[in-house]
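Treat the numbers as computed from the prediction; the structure is a model and nothing was measured.
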Amino acid sequence: KSDDLILLASLHDLGKVAIPDEILKEKKKLSQQDWEIIRSYPEIGYNIAKQSFKFSHIADYILSHHERWDGKGYPRQLKGEDIPLLSRIMAIIDAYDVMRSGRFYKKTFSKKEAIKELRECSGSQFDPRLVEEFIGVIGEDQ
């Protein structure tokens with residue numbers, strides 16, 4: 001499973017290759033149509049991975065990495081443990097990475113702020129047990 005998680009970490013955003021750069025790099029608030037395009041990328045990544053002998057076994061994880069623990073994610077609105085375990089782990093890792101590295105549209109969080117945010121989203125966006133396990137792995141020290 002750890003090899004699959006490493007591969008998933010490398011390929012979870014694979015579908016973004018089909019999203020126009022002007023949408024991905026937009027600095028203003030995205031339109032509803034642009035959001036629909038963005039939200040299509042897990043399915044695009046799934047379809048690409050499914051066609052590859054080497055990556056087909058992680059295709060469902062790619063498809064599911066934007067699902068939410070509370071069922072309000074996309075593309076299938078899976079809830080709780082219906083979301084594949086590696087997808088739930090990837091969602092936490094990806095969110096932490098975005099918070100810590102920042103984006104042109106979002107400030108960089110300190111480690112303490114990122115952990116606080118993960119805990120605030122625990123039980124809604126993220127699997128609460130996995131959030132605490134992740135924090136245990138990275139440590140709460142500054």
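- Counted by atom type alone, Asp94 and His65 present zero donor-acceptor pairs between their side chains at under 3.5 Å.
- We find the CD1-CG distance between Ile58 and Asp3 to be 11.5 Å, quoted to the nearest 0.5 Å.
- Taking each heavy atom of Leu78 and Pro84 in turn, the nearest pair found is CD1-CD, 4.3 Å.
- Nearest heavy-atom pair across Ile115 and Glu140 is CD1-CA, 4.0 Å.
- Formation of a donor-acceptor pair under 3.5 Å by the Ser40 side chain with backbone atoms of Ile37 is found in this model.
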**OP:** Verify side chain to side chain donor-acceptor pair (under 3.5 Å) between Tyr61 and His12, making sure each step is shown before the conclusion.
**Re:** CA-CA 8 Å; Tyr61 307 143; His12 69 282; over 6 Å; no
Original post:
Stepwise, does the side chain to side chain contact (heavy atoms under 4.5 Å, CB included) test hold for Leu14 with Ile44?
Top reply: CA-CA 8 Å; Leu14 177 63; Ile44 295 166; over 6 Å; no
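- Taking the salt bridge (charged side-chain N to carboxylate O under 4.0 Å, His left out) definition, one finds that Asp13 meets it with Lys16, sequence neighbours left out.
- Of all the heavy atoms in Arg100 and Ala114, the pair that sits closest is CD-CB, 3.9 Å.
- Heavy atoms only, all atoms of each residue included: Arg76 and Ser64 are closest at NH2-OG, 2.5 Å.
- Of the charged side-chain nitrogens involved, none lies within less than 4.0 Å of a carboxylate oxygen, so that Glu67 and Lys72 do not count as a salt-bridged pair.
- Cluster membership check: Leu63 does not share its hydrophobic cluster with Tyr74, using side-chain heavy-atom separations under 4.5 Å among Ile, Leu, Val, Met, Phe, Trp and Tyr.
- Phe134 and Trp69 fall into different hydrophobic clusters, where Ile, Leu, Val, Met, Phe, Trp and Tyr side chains are chained together by heavy-atom contacts under 4.5 Å.
- A distance of 12.5 Å separates CZ in Arg39 from CD1 in Ile19, rounded to the nearest 0.5 Å.
- Between the side chain of Ser101 and the backbone N or O of Asp97, at least one donor-acceptor pair lies under 3.5 Å.
- A donor-acceptor pair under 3.5 Å is absent between the side-chain atoms of Lys50 and the main chain of Gly45, judged by distance alone.
- No chain of hydrophobic side-chain contacts below 4.5 Å, direct or via other Ile, Leu, Val, Met, Phe, Trp or Tyr residues, connects Ile93 to Ile83.
- Within the model, atoms OG of Ser52 and CG of Asn47 stand 13.0 Å from one another, a figure rounded to the nearest 0.5 Å.
- Hydrophobic clustering, with ILVMFWY side chains joined whenever heavy atoms are under 4.5 angstrom apart, keeps Tyr46 apart from Leu8.
- Annotation: the span from Ser2 atom OG to Leu7 atom CG amounts to 11.5 Å, rounded to 0.5 Å.
- Ser87 is not listed as a side-chain neighbour of Met90, based on a closest heavy-atom distance of 4.5 Å or more.
- Looking at Ile62, Leu11, Val17 one by one, the single match for side chain to side chain contact (heavy atoms under 4.5 Å, CB included) with Ile48 turns out to be Val17.
- Other residues, nucleotides and ligands contribute at most 12 non-hydrogen atoms within 6.0 Å of the CD atom of Gln33.
- With hydrophobic clusters built from ILVMFWY side chains whose heavy atoms lie under 4.5 angstrom apart, Ile89 shares a cluster with Leu118.
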Can you give the donor-acceptor pairs under 3.5 Å from side chains of residues 121-129 to other protein atoms, not counting sequence neighbours?
from	atom 1	to	atom 2	distance (Å)
Ser124	OG	Cys121	O	3.1
Asp127	OD1	Arg129	N	3.0
Asp127	OD1	Leu130	N	3.3
Asp127	OD2	Arg88	NH1	2.6
Arg129	NH1	Glu133	OE2	2.8

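- With Asp34 contributing its side chain and Leu30 its backbone, the two residues share no donor-acceptor pair below 3.5 Å.
- Salt bridge absent: Lys112 and Glu117 never bring a charged side-chain N and a carboxylate O closer than 4.0 Å.
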